[in-house]
Structure formats: C-alpha cells, structure tokens
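Down below is the structure, laid out as structure tokens.
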Amino acid sequence: MGAVFGIVAAVIALAGLGVAAFHVLYLALLGNAAKKKGLSGGTTTDYVNSRWKVAGGTAGVALLGLLLTSSSSVPVDLVGLLLGGGAGIYAKQALDSTRSRFRTLP
C-alpha cells in the first residue's frame with residue numbers, strides 16, 4: 001500500500017513540476033519576444049521581470065515535493081504530494097493569469 005501511494009504521490013508531484021517548468025518556459029519566451037521588440041516591449045518586459053519570483057518559487061517548491069516523494073515513508077510522501085500538487089496548482093493559476101493578460105484575439 002505504501003509503495004502505491006508513493007508512486008501516486010510522485011506522479012502528482014512530477015505533474016506539478018511540469019506545470020511550474022512550463023510557466024518558467026513561457027515567461028522566458030515572452031521575455032525574449034519583448035526584448036526583441038525594443039522600447040515597444042518595455043511594459044511586457046517589466047511584467048515578466050516581476051513574475052520571475054513566482055515562477056521560480058513554484059518550480060522550487062514543486063521540485064522539493066518531488067524529492068520528498070522518493071522516501072519510503074507515507075507521511076513524507078504525503079507532504080511531497082501536497083507540496084508538488086499545490087505548487088502545480090498555483091503555477092497553473094499564475095500561468096493562466098499571464099496568458100490571459102497577453103492573449104490577443106484576431
């Protein structure tokens with residue numbers, strides 16, 4: 001039973017890390033495109049620079065959660081699941097916020 005819970009916790013923490021990493025990647029791509037625009041991308045660059053702490057923090061917490069799921073203890077796996085899953089949910093909300101701000105309709 002403990003091994004199954006550990007596997008489930010690891011999968012959830014890995015998914016959280018994936019979402020957090022995608023948020024970091026999205027900010028990197030958005031910032032790169034804004035820098036190429038020069039002065040006209042200044043507002044976007046400022047926004048991206050203000051969001052790096054959130055993206056890095058969620059990625060770090062998700063990584064910590066994934067590392068905690070490698071233990072053989074169910075309570076530690078539970079903490080890893082909560083950290084990884086919670087960081088993934090928060091990163092998804094932050095990513096959606098960023099995407100909705102810069103989404104353009106044709």
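We number each residue from 1, following the sequence as shown.
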- Task: To the nearest 0.5 Å, tell me how far R51 CZ sits from L30 CG.
- Result: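 It is 11.5 Å, given to the nearest 0.5 Å.
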Below 3.5 Å, can you tabulate the donor-acceptor pairs from side chains in residues 58-65 to any protein atom, sequence neighbours excluded?
{"unit_1": "T58", "atom_1": "OG1", "unit_2": "V54", "atom_2": "O", "d": "3.1"}
{"unit_1": "T58", "atom_1": "OG1", "unit_2": "A55", "atom_2": "O", "d": "3.0"}

- Are V8 and L78 in one and the same hydrophobic cluster, where Ile, Leu, Val, Met, Phe, Trp and Tyr link if side-chain heavy atoms are under 4.5 Å apart?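 Both belong to a single hydrophobic cluster.
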- Message: Under the salt bridge (Lys or Arg N to Asp or Glu O under 4.0 Å) definition, can you give me all pairs with a residue in residues 56-80, not counting sequence neighbours?
- Response: none
- Query: Between N32 (side chain) and A28 (backbone), is there a donor-acceptor pair under 3.5 Å?
  - Reply: no
- Set of residues satisfying salt bridge (charged side-chain N to carboxylate O under 4.0 Å, His left out) with respect to D46, sequence neighbours excluded: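 Per chain and number, D46 pairs via salt bridge (charged side-chain N to carboxylate O under 4.0 Å, His left out) with no residue.
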- Query: Does V76 have any side chain to side chain contact (heavy atoms under 4.5 Å, CB included) partners at least two apart in sequence or in another chain, and if so, which?
  - Reply: L68, S71, S73
Please list every donor-acceptor pair under 3.5 Å in which a side-chain atom of residues 14-27 meets a protein atom from a residue at least two apart or in another chain.
none

Name the atoms and distances for all side-chain donor-acceptor pairs under 3.5 Å in residues 79-96, with sequence neighbours left out.
{"unit_1": "K92", "atom_1": "NZ", "unit_2": "D96", "atom_2": "OD1", "d": "2.8"}
{"unit_1": "K92", "atom_1": "NZ", "unit_2": "D96", "atom_2": "OD2", "d": "2.9"}

